[in-house]
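Step one of this worksheet: look at the structure below.
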Amino acid sequence: MMFRSTRGIAPAVPVDAALLAGLAPDGGLYLPAGIPVAHAPFVPGQALAATATQWLAPFFEVSALRDALPAICATAFAFDAPLRALRGDGDYLHELFHGPTAAFKDYAARFLAEALARLRPVGAPVNTILVATSGDTGAAVAAAFHRRPGFAVAILYPDGRVSQRQAQGLECWGDNVRAFRVDGDFDDCQRLVKHALGDADLRAAVSLGAANSISLGRLLPQLAFHAHAAHEHQAARGSLLNLVVPTGNLGNASAAWLARRMGAPIGDIVLATNANDTLPRFFAGGAYAPRPGLATLANAMDVGAPSNFERLRSWHDDDAALRAAFRAEAVDDAGIRATIAGAPARHGIVPCPHTATGLHLLERLRAEGDRRDWVVAATAHPAKFDSVVEPLVGHAVALPPALAVMLARPASGQPLARDYPALRAQLLRA
Ligand SMILES: *Cc1c(COP(=O)(O)O)cnc(C)c1O
């Protein structure tokens with residue numbers, strides 16, 4: 001399996017080159033040149049890591065990582081993603097938040113770290129992974145690369161725009177991880193990272209890498225947990241699993257789409273966004289019109305220009321075909337609050353603000369009379385957003401053990417001006 005660029009100018013490359021490059025040299029995003037059909041038999045009760053190995057193997061047939069794939073998946077998918085039945089008949093929650101930083105991004109970040117560590121040439125200089133984050137990606141990448149020989153991490157996050165516990169998750173690592181609080185918003189952070197990655201003089205002096213959501217290594221692994229849940233569900237209920245995916249940069253939903261195309265028993269896919277409604281406007285028939293991101297309660301989805309849109313567009317013949325593949329709806333902060341407040345009685349759980357956008361759409365589907373089985377992807381643990389969630393449900397949310405470990409570590413970040421020379425000087429100091 002080769003990987004091509006969405007822009008079609010850069011030559012197709014094997015998976016290892018696509019993982020190492022991040023972005024294609026023509027500025028496009030890498031995606032598989034064809035979509036393989038998964039033939040592996042699913043045995044109910046098999047480990048998530050086994051499903052990941054089966055479903056990712058077709059992409060790694062021509063790869064230095066081929067024989068290591070089971071070991072990579074064993075580490076990346078070492079924690080379960082249980083499918084929990086909610087109170088309503090046919091309502092499910094897919095808990096993707098049992099990793100070290102309590103968000104689904106742990107799976108792909110750990111996969112990428114395991115893959116890059118094995119692809120790194122012996123004796124190569126320390127590779128600094130640059131990551132702009134709106135809250136969860138930075139922590140997942142930091143945890144995955146922390147104390148990993150040959151790698152360092154520089155996180156850029158928007159000062160004052162993440163929850164206190166998210167900030168702790170970004171600043172608590174130390175050793176080979178540095179966290180910069182940028183005096184600006186997420187778009188400023190992303191712009192600074194792109195500037196550094198495009199600075200040839202800097203890159204001659206410092207070895208830089210990227211781990212943002214455009215990286216193929218952040219996208220592909222995610223198809224495993226969707227395929228696994230859909231198979232478990234089909235074995236138990238004999239029907240397709242329909243998905244509601246809380247969506248920002250469209251990485252998780254693109255992976256679900258890919259799993260469906262490869263043959264996973266997935267039915268409809270509904271995208272839940274927050275008030276950043278670029279995707280709902282497109283899927284309702286409007287033009288694709290990216291906007292600056294708005295700050296909302298579901299901050300990891302504060303994206304006005306979803307980066308994986310370019311991949312989805314490239315996978316479809318035209319916009320009409322793409323529009324037929326998904327439904328997308330926005331949920332504003334008032335809807336998020338009402339859903340969190342009502343969730344304990346209605347669903348028997350406490351959701352994080354991102355998961356609440358998905359539950360809100362599930363409630364809408366039920367109100368429309370939809371009787372099919374639906375699962376909402378629970379993308380982060382509610383305890384990470386205690387300051388939003390606890391006042392709404394009226395009680396404290398217990399900390400999962402991994403989050404308690406993270407919160408007990410000492411934290412230190414450094415302020416960074418939102419101009420490029422300041423970042424450049426820091427990177428040269430590494
Ligand atoms: C990143 C994130 C999302 C959005 O996922 P995308 O792949 O960017 O669409 C949703 N919820 C949480 C908690 C996240 O961290």
For a quick check under 3.5 Å, do [X] and [Y] share a side-chain donor-acceptor pair by atom type?
X	Y	result
Glu310	Thr6	yes
Thr51	Gln46	yes
Arg4	Ser314	yes

Evaluation steps, side chain to side chain contact (heavy atoms under 4.5 Å, CB included), between Ile349 and Leu359: CA-CA 11 Å; Ile349 53 129; Leu359 284 173; 3.8 Å; yes

I'd like to check [X] versus [Y] (side-chain heavy atoms, cut-off strictly below 4.5 Å). Are they in contact?
X	Y	result
Gln414	Arg178	yes
Phe3	Leu216	yes
Ile266	Leu241	no
His226	Asn252	yes
Pro400	His98	no
Asp159	Val182	no
Tyr30	Leu23	no
Trp55	His228	no

Exercise answer: donor-acceptor pairs, residues 68-86 side-chain atoms, under 3.5 Å, sequence neighbours excluded:
from, atom 1, to, atom 2, distance (Å)
Thr75, OG1, Ala71, O, 3.3
Arg84, NE, Glu95, OE2, 2.5
Arg84, NH2, Glu95, OE2, 3.0

Does [X] use its side chain to pair, donor to acceptor, with the backbone of [Y] at less than 3.5 Å?
X	Y	result
Asn308	Asn249	yes
Asp199	Asp201	yes
Thr133	Gly138	yes
Arg409	Val405	no
Ser254	Leu250	yes
Glu390	Val397	yes
Asp183	Arg418	no

Checking [X] now: which residues fulfil ring pair (Phe, Tyr, Trp, His ring centres under 6.0 Å) with it, not counting sequence neighbours?
X	value
Phe225	Tyr107
His360	none
His347	none

Nearest heavy-atom pair of [X] and [Y]: which atoms, and what distance?
X	Y	answer
Val331	Thr357	CG2-O, 3.6 Å
Ala255	Gln222	CB-CB, 3.6 Å
Leu130	Val193	CB-CG1, 4.1 Å
Met406	Pro100	SD-O, 3.8 Å
Pro158	Gly184	CB-O, 3.3 Å
Ala272	Val244	CB-CG1, 4.2 Å

Please report, to 0.1 Å, the donor-acceptor pairs under 3.5 Å made by any side chain of residues 290-299, with sequence neighbours excluded.
from, atom 1, to, atom 2, distance (Å)
Thr296, OG1, Asn274, ND2, 2.9
Thr296, OG1, Ala298, N, 3.1
Thr296, OG1, Ala298, O, 3.3
Thr296, OG1, Asp302, OD1, 2.7
Asn299, OD1, Gln166, NE2, 3.3
Asn299, ND2, Arg161, O, 3.4
Asn299, ND2, Gln166, OE1, 2.8

What distance separates [X] [atom1] from [Y] [atom2], expressed to the nearest 0.5 Å?
X	Y	atom1	atom2	value
Thr379	Lys384	OG1	NZ	9.5 Å
Leu243	His233	CG	NE2	10.5 Å
Leu427	Leu423	CG	CG	4.5 Å
Leu156	Ser134	CG	OG	12.5 Å
Asp386	Ser163	CG	OG	7.0 Å
Leu19	Ser63	CG	OG	7.5 Å

Residue pairs involving residues 12-31 (criterion salt bridge (charged side-chain N to carboxylate O under 4.0 Å, His left out); sequence neighbours excluded): none

Step-by-step ring pair (Phe, Tyr, Trp, His ring centres under 6.0 Å) determination, His316 to Trp257: CA-CA 12 Å; His316 291 85; Trp257 178 88; 5.0 Å; yes

Of all pairs that satisfy ring-ring contact (aromatic ring centres under 6.0 Å, His included), the ones with a partner from residues 116-175, not counting sequence neighbours: Phe145-Phe151, His146-Trp173

Pairs involving residues 380-422, ordered by first then second residue, that meet ring-ring contact (aromatic ring centres under 6.0 Å, His included) (sequence neighbours left out): Phe97-His381, His195-Tyr420, His354-Phe385

Arg110/Glu114 salt bridge by N-O under 4.0 Å criterion: no

Tell me every residue that passes side-chain hydrogen bond (donor to acceptor under 3.5 Å, both in side chains) with [X], counting only those two or more places apart in sequence or in another chain.
X	value
Arg313	Asp319
Asn212	none
Arg327	Glu329, Glu368

Exercise answer: donor-acceptor pairs, residues 258-265 side-chain atoms, under 3.5 Å, sequence neighbours excluded:
from, atom 1, to, atom 2, distance (Å)
Arg260, NH1, Gly267, O, 2.7
Arg260, NH2, Ala325, O, 3.2

Asn127 and Ser207: CA distance, side-chain angles, deciding distance, side-chain hydrogen bond (donor to acceptor under 3.5 Å, both in side chains) verdict: CA-CA 5 Å; Asn127 188 240; Ser207 165; 2.7 Å; yes

Exceeds 12 heavy-atom contacts within 6.0 angstrom, atom CZ of Arg66: no

Test log, rule side chain to side chain contact (heavy atoms under 4.5 Å, CB included), inputs Val375 and Leu93: CA-CA 5 Å; Val375 67; Leu93 194 71; 5.6 Å; no

